There are 2 protein chains.
Amino acid sequence: VTLSVWPLAGIPEVRPGDDLARLLLEAVRRAGLELADGDVLAVTSKVVAKAEGRLVPLPDDPAGRERVLRETVAAETARVVARRGRLVIAETRHGLVGANAGVDASNAGAPGTLVLLPADPDASARELRRELGCAVLITDSFGRPWRNGQCEVAIGCAGLAVADDWRGRPDSDGRELAATVIAVADEAAAAADLVRGKDTREPAVRIRGLERYVTSDDGPGAVALVRALADDLFR
Amino acid sequence: VTLSVWPLAGIPEVRPGDDLARLLLEAVRRAGLELADGDVLAVTSKVVAKAEGRLVPLPDDPAGRERVLRETVAAETARVVARRGRLVIAETRHGLVGANAGVDASNAGAPGTLVLLPADPDASARELRRELGCAVLITDSFGRPWRNGQCEVAIGCAGLAVADDWRGRPDSDGRELAATVIAVADEAAAAADLVRGKDTREPAVRIRGLERYVTSDDGPGAVALVRALADDLFR
């Protein structure tokens with residue numbers, strides 16, 4: 001197996017109501033690429049959220065901005081997981097845990113705008129898969145306990161096995177694996193992130209070489225990577 | 001930027017005292033590949049640990065096995081982070097947090113053997129970098145709070161920027177980024193994992209396309225990705 005990862009350049013700033021599938025297909029064509037059956041297109045949650053109008057304008061005055069940020073984060077929060085000073089680590093309705101419940105002002109397309117996570121990233125991925133004809137990941141970067149920096153993970157998924165469950169299968173020695181479940185969709189999101197800058201407007205990346213994880217149906221979505229509360233020792 | 005990831009097939013079972021660099025170079029040659037200056041070779045911690053003799057034989061009787069496992073995990077543990085039933089989430093001397101402090105019986109090369117983490121994975125990476133002439137990652141899979149499944153992360157690193165710190169740099173809109181630090185070495189470890197099976201004896205993977213993250217010196221090592229205790233809300 002060999003993996004190849006290409007960023008798609010030249011996608012214009014995405015606005016509410018834009019036909020994201022069309023913009024992505026145009027970028028694929030312009031890059032001289034194509035989307036084959038076994039390909040995966042990884043798209044940042046930010047452009048999906050923008051196309052879906054998941055934007056909140058901020059007022060001009062600092063106090064107002066602070067208040068709207070706080071209210072917006074609260075509205076997106078299903079559960080506060082940790083808090084220190086102004087930093088809130090919160091779980092969203094999707095079960096995603098991150099700073100400010102995923103509410104972010106970076107790469108918003110306009111100064112003074114907050115971008116929320118897509119309302120239902122798995123549904124967005126399924127819709128894009130129908131229109132693009134290949135597997136789709138919707139990704140965002142999240143901080144991790146214990147480790148510095150953020151990694152890109154899959155918050156929406158359609159047409160790709162989100163995990164490769166080796167439990168009960170033999171290792172190289174023939175010994176049965178007891179706990180190995182590879183979070184394929186998260187690793188693919190991470191691979192996609194490596195070819196992008198944070199200032200290069202490359203919200204979409206084509207991944208080729210994951211054919212063995214590509215499925216004939218949409219599959220359970222990235223929500224299957226959210227750990228059940230009862231199994232989680234850290235929330 | 002385009003990223004390409006190739007697994008190296010045909011590496012024999014690694015034994016204590018083996019010259020791992022030589023085995024890796026032979027596998028590169030056999031694959032018809034080469035290692036260029038800007039390449040990254042990702043190697044699983046398991047083969048590094050085996051070459052370094054970080055193995056503990058288990059006795060035959062179940063009670064003895066249970067006892068040796070418990071004692072070995074305890075010896076590798078610097079701090080217990082969480083515990084439920086027989087599951088221990090423990091921090092190692094390296095600052096890595098995972099099940100059983102990284103002690104693992106899978107792909108051990110022989111039944112009834114435990115494999116520990118390398119004693120100093122960053123030092124191992126530096127030594128391999130000297131011998132291979134390219135950047136080196138030593139990787140292992142770790143579970144994550146909040147999310148199902150494991151992702152591969154970098155536990156040793158030489159010659160690759162472990163993180164890409166965007167704080168203070170502008171996003172696509174010219175707005176200064178406040179918190180964005182990409183854990184490049186962990187994302188590269190994840191990308192490498194996507195081309196491997198857990199039963200295919202492919203402990204090494206060549207990554208091409210990360211030239212902009214490749215450094216002229218060894219750099220700080222993967223230890224720079226360990227979050228300082230004072231900054232960590234979850235241990």
Side-chain angles (χ1 to χ4, degrees), chain A residues 1-7 82 84 89 91 95 97 99 105-111 141 144-153 163 166 169-173 175 177-184 186-188 190-191 193-195 198-201 209-210 224-227 232-235, chain B residues 1-7 82 84 89 91 95 97 99 105-111 141 144-153 163 166 169-173 175 177-184 186-188 190-191 193-195 198-201 209-210 224-227 232-235:
Chain A
V1 182
T2 301
L3 190 76
S4 310
V5 189
W6 286 265
R84 183 184 285 181
I89 309 292
E91 180 180 340
V97 180
S106 70
N107 280 311
S141 58
R144 304 87 49 88
W146 315 327
R147 292 182 75 71
N148 289 320
Q150 296 108 43
C151 273
E152 199 83 1
V153 304
W166 284 81
R169 289 151 73 184
D171 68 8
S172 299
D173 308 322
R175 178 185 171 282
L177 291 161
T180 304
V181 179
I182 309 300
V184 169
D186 284 348
E187 292 191 337
D193 201 38
L194 286 170
V195 301
K198 293 293 165 186
D199 59 353
T200 51
R201 296 192 198 276
L210 295 180
L225 287 176
V226 172
R227 195 181 284 268
D232 197 342
L233 301 178
F234 300 97
R235 81 177 198 272
Chain B
V1 183
T2 301
L3 190 77
S4 310
V5 189
W6 286 266
R84 182 183 288 180
I89 309 291
E91 181 179 339
V97 180
S106 69
N107 280 310
S141 58
R144 305 88 47 88
W146 314 328
R147 292 182 76 70
N148 289 321
Q150 296 108 43
C151 273
E152 198 83 359
V153 303
W166 284 82
R169 290 153 72 186
D171 67 8
S172 299
D173 308 322
R175 178 184 170 281
L177 290 160
T180 305
V181 179
I182 308 300
V184 169
D186 284 349
E187 292 191 336
D193 200 40
L194 286 170
V195 302
K198 294 292 164 186
D199 59 354
T200 51
R201 296 193 199 276
L210 294 180
L225 287 177
V226 172
R227 194 181 286 269
D232 198 341
L233 301 177
F234 300 96
R235 80 178 198 273

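The chains referred to below are lettered A, B, ... by the order of the sequence lines, with proteins before strands, and numbering in each begins at 1. Values below: every heavy atom of this structure, side chains too, minus hydrogens, waters and symmetry copies. Worth saying up front: this structure is predicted, and the values here are computed from it rather than measured.
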- Check B:Ala183 against A:Arg144 and note the closest heavy-atom contact, atom names and distance. CB-NH2, 3.6 Å
- Residue B:Ala110 versus chain A: region with a heavy atom under 4.5 Å: backbone
- Find the distance between OG (A:Ser141) and CH2 (B:Trp166) and round it off to the nearest 0.5 Å. 12.0 Å
- Rounded to the nearest 0.5 Å, how far does CD of B:Glu152 lie from CG of A:Asp186? 13.5 Å
- Check: B:Ser106/A:Asp171 side-chain N/O donor and acceptor closer than 3.5 Å: no
- With sequence neighbours excluded, what pairs up with B:Arg235 under the salt bridge (charged side-chain N to carboxylate O under 4.0 Å, His left out) test? B:Glu91, B:Asp232
- Could you have a look at B:Gly149, B:Ala191, B:Ala190 and say which one has the most heavy-atom pairs with chain A under 4.5 angstrom? B:Ala190
- Message: To check you understand the geometry: which heavy-atom pair defines the closest contact between A:Trp146 and B:Phe234, and what is its length?
- Response: NE1-O, 3.1 Å
- How about A:Ile182 and B:Asp193: do any of their side-chain heavy atoms sit closer than 4.5 Å? yes
- Could you tell me which portion of A:Ala224 (side chain, backbone, both or neither) has an atom closer than 4.5 angstrom to a non-hydrogen atom of chain B? backbone
- Item | Proximity breakdown for B:Ala105 and chain A, heavy-atom pairs closer than 4.5 Å | both
- Does A:Val181 offer a backbone N or O that forms a donor-acceptor pair with the side chain of B:Gln150 under 3.5 Å? yes
- Pick one of side chain, backbone, both or neither for A:Arg147, based on which atoms fall under 4.5 Å of a heavy atom in chain B. both
- Task: Check whether B:Pro170 gets within reach of chain A through its side chain, its backbone, both or neither, counting any heavy atom under 4.5 Å.
- Result: backbone
- Item | Most contacts with chain B, counted as non-hydrogen pairs under 4.5 angstrom, among A:Ala163, A:Gly109, A:Pro111 | A:Gly109
- B:Leu210 versus A:Leu194: any side-chain heavy-atom pair under 4.5 Å? yes
- Item | Side chain, backbone, both or neither of B:Leu225 within contact of chain A (heavy atoms, under 4.5 Å) | both
- Query: For B:Thr180, which residues count as a side-chain hydrogen bond (donor to acceptor under 3.5 Å, both in side chains) partner, sequence neighbours excluded?
  - Reply: none
- Query: Any side-chain heavy-atom pair from A:Leu233 and B:Ile89 closer than 4.5 angstrom?
  - Reply: yes
